[in-house]
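Just so it is clear, the structure is predicted and the values come from calculations on it, not from any experiment. Keep in mind that the numbers below use all heavy atoms, side chains included, and drop hydrogens, waters and symmetry copies. Both counts, for ligands and for their atoms, begin at 1 and track the order of listing.
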Amino acid sequence: MKKIALLTSGGDAPGMNAAIRAIVKTCLHYSIVPVGVRNGFDGLINGDFIEMNYEDVNNIIHLGGTILGSARSDEFRTQQGRSKVVHHFKTAEIDGLIVIGGDGSFKGAHVLSQEMPLKIIGLPGTIDNDLYGTEVSIGYDTALNTVVQAVDKIRDTASSHKRIFFVEVMGRDAGFIALNSAIASGAESVLIPETVTDLDQLISQIKTQNKGKRSSIIIVAEGDDEGGAMDIMRKVKPFFEGYDLRTTILGHIQRGGSPTYADRAFATRAGIHAVEILRMGKTNLMVGIKSDEIIEVPLSDAITKKSIPDVQKERIMEVLLTGSSIN
Ligand code: F6P
């Protein structure tokens, strides 16, 4: 293993820079040349590579986003596009690739590994936390903390004006951010794509829960089957005469910010492990974490299997939250 390329792909996530830093430093520790690929799969197509050194990763562990940039690439989906990548990798004599991203990014890397002699390792990098086989992905903890802090602020103003707020969070078609931020922020209800949303039940439960309270907060996963927060509020508004309803869509602030300890620590450990197993000749694996142990997950599982939130988690949904019927 003489040269390892690394790239960040898909939605950026806080902690990606900690992973980049760990990969570069571990490569240099073993006299392997780390080659950064700029702007994700676009950079692969265009051969936008940069050999990296210690100074490239100095003082970045606390930075959100990704210093390498991230971008999706339609051209990568074509055989012709990928043949450009094969040419660039052969020219640059790259024999290993670490992809920091979500399942879509892993799919692309997996295809590449079948079209050329290239060892591939994936690091789970997405705030959605929807990757199978790992308890958390890089960025998830920071995004959760961002949402909880935002909801605390919304609670302040909701209570001042006796309002009911529908707060939309990211997660694409997964409900991890919604479910766990609802638990930690004391939301009255949470709507997630993995459970069937019963609007009649939600309406009656909001009214019941709101009695004697100055505010109610319903967290809505953007992928919910009944739509986002604006849709939900529009659908239930006719049943809330005399109530003051508002919506907040948190959006891309969930993707930024300085990574928490948890994201920095996992990203660092995973980055080191990725280089170590490439050196051993391993390939087509995703580095994950379970019970604080770094583990290896077949990339094919991370690509094909789905991770869903545990809605029965210590019966929290029944005791603390309402608004979703448990399947
Ligand atoms: O996958 C991460 C994510 O933030 C999703 O939660 C969200 O739906 C999507 O990316 C937004 O994508 P973009 O940044 O391209 O708008």
Side-chain angles (χ1 to χ4, degrees), residues 7-19 38-43 63-77 99-109 122-151 166-182 185 190-194 219-232 247-260 262-263 266-267 286 288 302-309:
L7 67 84
T8 49
S9 173
D12 65 323
M16 280 186 167
N17 284 324
R38 289 199 183 96
N39 302 316
F41 283 83
D42 249 6
L63 298 179
T66 158
I67 59 167
L68 287 176
S70 176
R72 300 175 175 107
S73 164
D74 292 335
E75 193 179 353
F76 185 86
R77 298 173 198 281
V99 177
I100 309 166
D103 58 347
S105 308
F106 295 167
K107 277 188 194 112
L123 293 190
T126 169
I127 66 167
D128 300 347
N129 197 45
D130 57 352
L131 279 161
Y132 177 85
T134 180
E135 273 169 0
V136 291
S137 54
I138 297 166
Y140 176 57
D141 186 71
T142 306
L144 271 182
N145 281 286
T146 298
V147 171
V148 169
Q149 286 156 23
V151 172
F166 296 83
V167 180
E168 181 175 308
V169 298
M170 284 184 159
R172 205 180 292 275
D173 54 10
F176 287 93
I177 295 175
L179 176 63
N180 289 302
S181 63
S185 62
V190 63
L191 306 181
I192 60 176
E194 294 88 354
I219 290 190
V220 182
E222 62 180 338
D224 186 70
D225 56 309
E226 286 287 351
M230 294 289 275
D231 302 311
I232 302 289
T247 300
T248 297
I249 297 176
L250 294 182
H252 284 69
I253 62 165
Q254 298 164 86
R255 286 258 289 276
S258 179
T260 56
D263 277 331
F266 173 42
M286 178 189 78
I303 290 169
T304 55
K305 295 181 180 174
K306 192 128 176 63
S307 174
I308 57 169

Query raised in the report: Would you say the side-chain atoms of Tyr140 pair up with the backbone N or O of Gly125, donor to acceptor, closer than 3.5 Å?
Result: no

**Report entry** Flag, side chain of Thr126 to backbone of Gly102, donor-acceptor distance under 3.5 Å
**Finding:** no

Report summary line: Rounding to 0.5 Å, atoms OG (Ser137) and CG (Asn129) come to a distance of 4.0 Å

Query raised in the report: Any idea which atoms of ligand 1 are less than 4.0 Å away from a heavy-atom of His252?
Result: 13 (P), 14 (O), 16 (O)

Query raised in the report: Is the side chain of Gln149 donor-acceptor paired with the backbone N or O of Thr146 at a distance under 3.5 Å, no angle test?
Result: no

Report task. Distance to 0.1 Å, residue and atom name: give those for the protein heavy atom nearest to atom 6 (O) of ligand 1. Result -> Asp128 OD1, 2.7 Å

Query raised in the report: Can you tell me which residue and heavy atom of the protein come closest to atom 15 (O) of ligand 1, and the distance to 0.1 Å?
Result: Arg72 NH1, 2.9 Å

Query raised in the report: Can you tell me the protein heavy atom closest to atom 8 (O) of ligand 1 and the distance?
Result: Glu222 OE2, 2.6 Å

Query raised in the report: To the nearest 0.1 Å, how far is atom 9 (C) of ligand 1 from its closest protein heavy atom, and which atom is that?
Result: Arg172 NH2, 3.6 Å

Query raised in the report: At what distance, to the nearest 0.5 angstrom, does NZ of Lys306 lie from OH of Tyr132?
Result: 13.0 Å

Report task. Around atom 4 (O) of ligand 1, find the nearest protein heavy atom and jot down its residue, atom name and distance. Result -> Arg255 NH1, 2.8 Å

Report task. For Gln254 and ligand 1, answer yes if some heavy atom of the residue is under 4.0 Å from a ligand atom, otherwise no. Result -> no

Requested in this report: Run the numbers for me: atoms of ligand 1, each under 4.0 Å from some heavy atom of Gly171, listed by number.
Outcome: 6 (O)

**Report entry** Short side-chain to backbone donor-acceptor contact, Asn17 and Gly65, under 3.5 Å
**Finding:** yes

